[in-house]
Structures are given as C-alpha cells and as structure tokens.
Amino acid sequence: MQRTEIKHLLKTEALSQDVLVKGWVRTFRNTQFIALNDGSTILNVQVVVDFQNTPEEILNKIKTGACLSVKGTLVPSTGAGQSVEVKATEIIILGEADPEAYPIQPKKHSLEFLRSHGHLRMRTNTFSAIFRVRHAMAFAIHQYFHERGYFYIHSPIITGSDAEGAGEMFRVTTLNLDNPPRTEEGKVDFSQDFFGKETNLTVSGQLQGEIAALALGKVYTFGPTFRAENSNTTRHLAEFWMIEPEVAFNEIEDNKNLAEDFLKYLVRYALENCADDIDFLDKRLAEEEKQKPQNDRRAMGLIETLRFCTENDFARISYTEAIQILQNSKQYKEKKFQYEVEWGKDLQSEHERFLVEKHFKKPVIVGDYPKDIKAFYMKLNPDGKTVAAMDVLFPGIGEIIGGSQREDSTEKLMKRMDEMHIPAHEMSWYLDLRRFGSAPHSGFGLGFERLMLFVTGMGNIRDVIGFPRAAKTIEF
RNA sequence: UCCUUGGUAGCUCAGUCGGUUAGAGCAUCUGACUGUUAAUCAGAGGGUCGCUGGUUCAAGUCCAGCCCAGGGAGCCA
C-alpha cells in the first residue's frame, strides 16, 4: 500500500477509505489519540487508537518522538480540532524513542536548548516550519530571476584573489602546516601550494558576477560565502548563503528598483505559499513578544510586518539626508546616540535602527555614501565625494542588502585602486572588463539568512540555517 | 575582540542578611480515567548548585581566575 503524506491526507475527503501514514509522534493523549507528523506540513494528523484491542507492548512504545507506520481508515473526526482522522487498524513501531532519554518532549523548549541539540531541533514545529520556508525562499529566488531572463552563474568557492576587500578570509591550503616550505626570506612558499599561490574561500561572488554580466547581460549567483570575522552576533555567520544579481546597463536607480521588487516578491511568495508555517511562526512570535516588557515589543506581528512590507514603498534617501534626519532628531539633540553623527562617518547600528524603526517605520534604502567608507569598485558620483552605493535597511535586521553601481571608467577605477592600495597587477582581469567594451552595470548582495530572519520573525541567525558555522561553533 | 547578563533536577526557573535535610512548574515513571487537542487527577523517583582556588565555625549565596551560553557593540550580508 502507498503511503499518503499528511499534507495531502488532510485535504482528502474522508470516505472510510484505507490509508497508510508514517511519521513521528508529537503527543499521545488519553492512551487514545496520537498527533502524528511526517514533516510534509506543520499540521498533524490525529490517529485514533483502539486501545482495548492493541497489544500493551505496542501502546507502551507510542511515545513522543517515536516513529510509526499506521494503517487505518480515513474518517470524519468527531473531535473539534480537526476535520478528518485516521482510525488505526494496524500500528507498527518503526523506531522507538525512550522518553527518559529523548530530549524533545511535548513542552516549551528554549531556542538556546534546541540550538545545543541541533540534530534534533528540526523535529520541532518551529524548526520544521523554518526549514520549509527556507526551501520555499530558495526556490522563489531562482523562480524570480528565471522568469525575468536572468542566468544563474556558479561563482567559484575557492578564490585566488585577495582583493575582494570584504573582510577576513579562510585560507585554503594543502601545505603541511607543521612544516611548510619556506622562501629564501623565510616566508611560507605558497608557490609550492596546491594552486601555486595563496588561496582562500570566497567572500563574494560579485567580481565573477561582473564578468558574466558584461557578457550575458543579466545574471545572479546564489551560493555559500565565507567570512572569518570573529563576530559574535545574532546576524553574522562564518558560512552563509548570498544572492548576488549583477546587471549590465542597470544604473543605481534600476538597482534600487530591482532590490525592492525582488524583496517584495519573496515576501509575497512566503505569504502565499507558506501560509500554514507563517501562521505558526506568527503565533510563536506573538507568544515570545508577550514575555517582553511593553516597550521592547515589536510594533507589528509577523504577518502584519510582512504584509506591510509588500504593500508600501521603501523609503529612499541619500546618506547626506540620513545624516540631516539624524542630526535633527530628538535623540540626537538629547545626546541619546552613543556614536557621533557626522558627515563622512559610517552609520552605526543605532542610527540605522532609528531611521528604520523610529523615523520612517518601514524599509529604507540609503544611497550616495561618502566614497571613503565604501569599496573601491563603486561608481564615483559627479560630486567627486560620494559613490553610487545603496544599503537596504530592514526593521530588526539592519542591512539586508548592500550594493552599488560599479565604476565603469578604467581611469577612475585605477585611481581608486591606487588610493586604496589595491594591487592593479592582480586585478588586471577586472580592469579588462572596463578596458574592453565597458558598460554601466550594477548589482547587490542579499544575505539569504537575513532574509530568513525577516520572513520567519526569528531573532538569531543561527536558528534559520540548518548547521550554523560561527566562531567556535561547528557541529555536525 | 569589547561591554553586559547569566550558568541550581531532563527542561524553564525560584532560592531572602552566608546558617538545619536546596524548592516549584513542566517532562519522566506508577496508578486512575477514557473523544482527547501541550488531556485531567493522585502519588513517586530525580541534584558534582559550570570548573578551580580562596575567605569563613559555616558558601548555591561572598572574592579571584578560568570555561560556556544569551543579549548588545564593532565588522558586515
């Protein structure tokens, strides 16, 4: 007999037909009612046990976490919580779960506790919901770009370029670290390493994306990204997934339009395609918020926040305007900001949060940053002081997207590289993109897990990736 | 890396001014009940108080160092 997935079973008309379901016990109530879940949906199916005619040794093994195969008939439920249920005729224990030893019991567990039992946490409602949504978001990303004629580019994981300038890198080597070969000056001789030079894990697929965009027009990458920063926060990982579209002929405004349309599409996709899971996560968040003091609570619930995001235009301001808004704020005048607000200095988290959560109360795109606080490849504006950069700031998360129009003038790019001490000889291929058939082009990077934080309402980035890698954290 | 708050039963936490035998809820086990929705009721078992050292007649409680975790900051997506 074919197994029916619970997701489909719950939408089936109950006509006392024979069915086979398999799944894991969530709770066993009253020696009679099993809440069974098989991961296909957050919803459980209720299995009704004829306990008087079921052997004791089977009944004793129906415990939270145990895996069952159940044959029975699908009937309308007389109970209130569900429309259909399975009257069991045969129960087979596929895998026992000793309740004395199994850590996941039908009670509220803290996220920290579940994080420390990472191999079992996907069996909970919260985490199964998160990972179904994560799949849906990954799928929606490909669908969005595919429908619009973008090409998916596989940027390399190992890079020989050390000029990407996005933080600390993980070294890739096959050299014997106990006794590496040395040059005459006593330095490690990387010419004897596997690739014949120093290599690292990628910190960005952007530069390769630019190569592809200036040939194929519209491209994107979606892959793992590695940063060896010793950062210990709720929004940083050492290994994370990043989406980086890169588009020839797009100028900075086109880039902002793409970012806004893309994010709204993804959020709408989650609302439309993950309703049960989002609904659960909405309730979970509401429960969690209840525990907090009144003025620490979010202004809106999860679903409300997501709808709001899809229905309203993002605010768009320049860095210079942002500084003015901050300097005219009550907080600034009352010296409530810990860090200085001054043209030329980067916006701090507290400033970004003020703009998004207090002033505009919606997503904000900040553009035209001072050139000195941004990367060398960003296009210099006519004022000679700012660059065509853009950061998309989201409530509760901060920077979810960072992007820019790229400098397409060989001369200006070389000047910037010189000023920022980036060795031109190592980047000749990058300069060639400007030297031959240069074109205006733009792109951005979206942190996949930061998107996941927003869509699921979770607070810690380690809870929206299956197997988090961070400083001093690597398991499984 | 810095700041900050924590570490007490399987989990979540309480533990007063340093003072007798370290408590509660949930989970677990046993029994009762049997159309329940994290079922309910009764009872039972369960502790290296993060680790090391110090102060003291006496330390879960005070002090120092270390380890681990949460939150915030920096860096960034």
Side-chain angles (χ1 to χ4, degrees), chain A residues 25-35 43-52 59-60 63-65 75 77-82 85 87 97-117 124-125 164-168 203-206 222-244 259 287 291-292 296 338-339 346-353 373-375 391-394 397-403 444-454 459-463 465 470-473:
Chain A
V25 177
R26 284 283 207 263
T27 62
F28 185 28
R29 290 183 291 267
N30 221 355
T31 3
Q32 197 177 175
F33 302 103
I34 305 170
L43 304 171
N44 304 322
V45 71
Q46 172 154 286
V47 172
V48 184
V49 181
D50 178 7
F51 61 94
Q52 276 152 340
L59 286 177
N60 286 340
K63 299 289 184 189
T64 296
V75 296
S77 178
T78 54
Q82 58 284 315
E85 62 191 17
K87 261 193 157 23
D98 176 7
E100 298 272 17
Y102 185 56
I104 312 295
Q105 290 299 331
K107 61 165 309 232
K108 198 173 168 8
H109 291 292
S110 67
L111 294 172
E112 292 82 27
F113 171 74
L114 292 170
R115 219 172 282 151
S116 67
H117 292 76
T124 64
N125 287 332
E164 290 168 14
E168 292 296 309
V203 292
S204 164
Q206 181 200 316
F222 183 5
T225 309
F226 307 89
R227 308 248 170 115
E229 308 285 353
N230 185 14
S231 55
N232 212 313
T233 80
T234 53
R235 51 188 192 287
H236 286 88
L237 290 164
E239 178 181 301
F240 64 100
W241 289 68
M242 186 154 64
I243 301 102
E244 294 179 284
E287 270 310 299
Q291 314 295 320
K292 292 184 185 168
D296 285 0
Q338 199 186 332
Y339 290 88
D346 209 353
L347 299 176
Q348 303 292 318
S349 287
E350 59 174 354
H351 306 141
E352 294 180 350
R353 269 216 304 278
I373 58 173
K374 287 292 181 184
D391 284 0
V392 182
L393 309 179
F394 261 37
I397 292 157
E399 189 180 340
I400 195 168
I401 278 179
F444 60 79
L446 167 67
F448 187 50
E449 285 77 15
R450 289 194 180 171
L451 171 75
M452 283 296 300
L453 284 179
F454 182 71
N460 191 317
I461 203 161
R462 296 174 191 195
D463 293 334
I465 186 166
K472 300 280 185 297
T473 301

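Proteins get letters first, then strands, A, B, ... in listed order; numbering begins at 1 in each.
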Using the [atom1] atom on both, measure [N] against [M] and round to a whole Å.
N      : M      : atom1 : result
B:rU12 : B:rC75 : P     : 34 Å
B:rU56 : B:rU61 : P     : 16 Å
B:rG45 : B:rA27 : C1'   : 13 Å
B:rG43 : B:rG54 : P     : 45 Å
B:rC76 : B:rG7  : P     : 35 Å
B:rG23 : B:rA32 : P     : 30 Å
B:rG47 : B:rA24 : C1'   : 15 Å
B:rU4  : B:rG65 : P     : 13 Å

For the pair [X] (side chain) and [Y] (backbone), establish whether a donor and an acceptor sit closer than 3.5 Å, ignoring hydrogens and angles.
X        : Y        : answer
A:Glu350 : A:Tyr339 : yes
A:Arg450 : A:Glu399 : yes
A:Thr233 : A:Arg235 : yes
A:Glu449 : A:Trp241 : yes
A:Glu229 : A:Glu168 : yes
A:Asn30  : A:Gln32  : no
A:Ser77  : A:Gly79  : yes
A:Arg227 : A:Val203 : yes

Starting at [atom1] of [X] and ending at [atom2] of [N], how long is that distance when rounded to a whole Å?
X        : N      : atom1 : atom2 : answer
A:Ile461 : B:rC76 : CD1   : P     : 15 Å
A:Leu111 : B:rG70 : CG    : C1'   : 11 Å
A:Glu449 : B:rC76 : CD    : P     : 19 Å
A:Leu114 : B:rA69 : CG    : P     : 16 Å
A:Tyr102 : B:rC11 : OH    : C1'   : 14 Å
A:Ile401 : B:rA77 : CD1   : P     : 11 Å

For A:Glu399 and A:His117, find the nucleotide of RNA chain B closest to each by heavy atoms; which residue's nucleotide sits nearer the 5' end?
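With A:Glu399 and A:His117 compared, the 5'-side residue is A:His117.
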Nearest heavy atom decides the nucleotide; on that basis, is A:Lys472 or A:Phe448 closer to the 5' end of RNA chain B?
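The 5'-side residue here is A:Lys472.
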Writing each nucleotide of RNA chain B 5' to 3' as (, ), [, ], | or . by Watson-Crick or G-U pairing under 3.5 Å yields (((((((..((((.....[...)))).(((((.......))))).....(((((..]....))))))))))))....
Name the pairs: protein N/O against N/O of nucleotides 71-75 of chain B, kept only if under 3.5 Å.
{"residue": "B:rG71", "atom": "OP1", "partner": "A:Asn460", "partner atom": "ND2", "Å": "3.3"}
{"residue": "B:rG71", "atom": "OP2", "partner": "A:Asn460", "partner atom": "ND2", "Å": "3.2"}
{"residue": "B:rG72", "atom": "OP2", "partner": "A:Thr234", "partner atom": "OG1", "Å": "3.2"}
{"residue": "B:rA73", "atom": "OP1", "partner": "A:Arg353", "partner atom": "NH1", "Å": "2.9"}
{"residue": "B:rA73", "atom": "OP2", "partner": "A:Arg235", "partner atom": "NH1", "Å": "3.4"}
{"residue": "B:rA73", "atom": "O2'", "partner": "A:Tyr339", "partner atom": "OH", "Å": "2.8"}
{"residue": "B:rA73", "atom": "N6", "partner": "A:Asn232", "partner atom": "O", "Å": "3.4"}
{"residue": "B:rG74", "atom": "OP1", "partner": "A:Gln348", "partner atom": "OE1", "Å": "2.5"}
{"residue": "B:rG74", "atom": "OP1", "partner": "A:Ser349", "partner atom": "N", "Å": "3.2"}
{"residue": "B:rG74", "atom": "OP2", "partner": "A:Ser349", "partner atom": "OG", "Å": "2.8"}
{"residue": "B:rG74", "atom": "N2", "partner": "A:Asn230", "partner atom": "O", "Å": "3.3"}
{"residue": "B:rC75", "atom": "N3", "partner": "A:His236", "partner atom": "NE2", "Å": "2.8"}
{"residue": "B:rC75", "atom": "N4", "partner": "A:Arg235", "partner atom": "NH2", "Å": "3.4"}
{"residue": "B:rC75", "atom": "N4", "partner": "A:His236", "partner atom": "NE2", "Å": "3.4"}

I need a per-nucleotide contact map over nucleotides 29-39 of chain B, read 5' to 3'. Cutoff is protein heavy atoms under 4.0 Å; write B for the base, S for backbone only, - otherwise.
S----BBBBBB
What's the separation between atom [atom1] in [X] and atom [atom2] in [Y], rounded to the nearest 0.5 Å?
X        : Y        : atom1 : atom2 : value
A:Ile465 : A:Phe448 : CD1   : CZ    : 9.0 Å
A:Leu347 : A:Asp391 : CG    : CG    : 8.0 Å
A:Lys472 : A:Asn230 : NZ    : CG    : 6.5 Å
A:Phe28  : A:Ile34  : CZ    : CD1   : 5.0 Å
A:Leu453 : A:Ile400 : CG    : CD1   : 8.0 Å

Checking A:Arg115 now: which residues fulfil side-chain hydrogen bond (donor to acceptor under 3.5 Å, both in side chains) with it, not counting sequence neighbours?
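By the side-chain hydrogen bond (donor to acceptor under 3.5 Å, both in side chains) rule, A:Arg115 matches A:Asp463.
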Which part of the nucleic acid, if any, lies within reach of A:Ile397 when heavy atoms closer than 4.0 Å are counted: base, sugar-phosphate only, or nothing?
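Nothing, no nucleic acid heavy atom in range.
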Are A:Phe240 and the base of B:rA77 stacked, counting only ring centres nearer than 5.5 Å and planes tilted under 30°?
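One would call A:Phe240 stacked on the B:rA77 base.
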Residues in ring-ring contact (aromatic ring centres under 6.0 Å, His included) with A:His109, at least two apart?
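ring-ring contact (aromatic ring centres under 6.0 Å, His included) list for A:His109, sorted by chain: A:Phe113.
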Polar-atom pairs under 3.5 Å, protein N or O versus N or O of nucleotides 7-9 of chain B: list them with distances, or write none.
none

